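Please read the structure below before turning to the comments.
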Amino acid sequence: SAPTLAYGGSFTRNGEVSTRTLELMRANTQKFASWIQGILSTAEAHYHVGEYAECQEALAPLLRSIPYHRAALSLKRRATLRLNWPLYALGALLVAGLAGGAVWGTIRLRQYRTLTERVEKLVEIQAYPQAIQLLQTLRRRDPRNLGVLRLFAKVYVLWGRNDAQAREI
């Protein structure tokens with residue numbers, strides 16, 4: 001059953017609530033709601049003029065009292081995004097750069113493997129001059145590649161060339 005109302009005092013022994021207590025509870029609830037609205041208004045004002053750090057600071061007391069307040073959390077997320085967008089953009093560029101580098105490296109490795117496979121096939125059919133031309137192309141791309149130098153040595157040995165051009169490689 002609902003508590004009966006009596007004027008003055010607060011809760012009685014039988015669980016009844018007085019009118020005065022209800023008035024105090026309504027007044028405190030209204031005071032708390034206006035406090036929340038004031039904080040949200042202040043934070044919104046900071047947000048709209050571009051003061052995102054101040055917006056977050058204004059929301060801090062409200063979020064300490066009500067950690068899951070939907071409007072406050074939404075405003076805090078928007079302010080954080082606006083405040084940290086250069087970091088997010090830099091992170092996106094970094095990820096895109098890494099992905100591009102990985103793709104470029106994969107393509108380059110595939111091209112290298114394709115050319116070295118062509119050199120091996122040319123060696124099998126004893127087309128040594130064409131193999132040397134391909135190896136010179138590979139060497140211009142990457143002069144320090146030991147695999148290319150080994151293939152040069154293999155082609156010159158199989159070709160039987162031991163002249164100055166073969167030795168300078």
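Residues: numbered from 1 along the sequence shown. Everything numeric in this text was worked out from a predicted model, so none of it was measured.
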### Query
Are E44 and R78 close enough for a salt bridge, meaning some N to O gap below 4.0 Å?
yes
### Task
Please step through side-chain contact (heavy atoms from CB on, under 4.5 Å) for the pair V123 and W159, ending with a clear verdict.
CA-CA 9 Å; V123 168; W159 195 6; over 6 Å; no
### Query
Going from CG on L138 to CZ on R140, what distance comes out if it is rounded to the nearest 0.5 angstrom?
9.5 Å
### Query
Are the side chain of T114 and the backbone N or O of R110 linked by a donor-acceptor pair below 3.5 Å?
yes
### Query
Who else is in the cluster with L83 when I, L, V, M, F, W and Y are joined by side-chain contacts under 4.5 Å?
F32, W35, I36, I39, L40, Y47, Y52, L59, L62, L63, I66, L73, L75
### Distance-only donor-acceptor check, side chains H46 and E51, under 3.5 Å
yes
### Query
Distance from N84 atom CG to L90 atom CG, nearest 0.5 Å?
12.0 Å
### Task
Could you grab the distance from atom CG of N28 to atom CZ of R26, nearest 0.5 Å is fine?
12.5 Å
### Query
Under 4.0 Å between a Lys/Arg side-chain N and an Asp/Glu carboxylate O for R113 and E120?
no
### Message
So if I apply the side chain to side chain contact (heavy atoms under 4.5 Å, CB included) rule between L149 and each of L146, N145, L151, which one comes out positive?
### Response
L146
### Message
Quick check for you: to the nearest 0.5 Å, what is the distance between K121 atom NZ and E117 atom CD?
### Response
6.5 Å
### Over all atoms of both residues, closest heavy-atom pair of L135 and V148
O-CG1, 3.8 Å
### Message
Using a 4.5 Å cut-off between side-chain heavy atoms of Ile, Leu, Val, Met, Phe, Trp and Tyr, which other residues end up in the same hydrophobic cluster as V103?
### Response
I107
### Message
Could you walk me through whether S41 and Q37 satisfy the side-chain contact (heavy atoms from CB on, under 4.5 Å) test, starting with their C-alpha distance in whole Å, then the side-chain angles of each, then the deciding distance to 0.1 Å, before giving a yes or no?
### Response
CA-CA 6 Å; S41 297; Q37 192 57 43; 3.7 Å; yes
### Query
Nearest heavy-atom pair of C55 and A43: which atoms, and what distance?
SG-O, 3.3 Å
## Note on the structure
Rounded to the nearest 0.5 Å, the CZ atom of R118 sits from the OG1 atom of T137 at a distance of 9.0 Å
### Message
Using 0.5 Å steps for rounding, measure from the OH atom of Y128 to the CG atom of L122.
### Response
10.5 Å
### Task
Determine whether I125 and L115 fall in the same hydrophobic cluster, where Ile, Leu, Val, Met, Phe, Trp and Tyr are linked whenever their side-chain heavy atoms lie under 4.5 Å apart.
yes
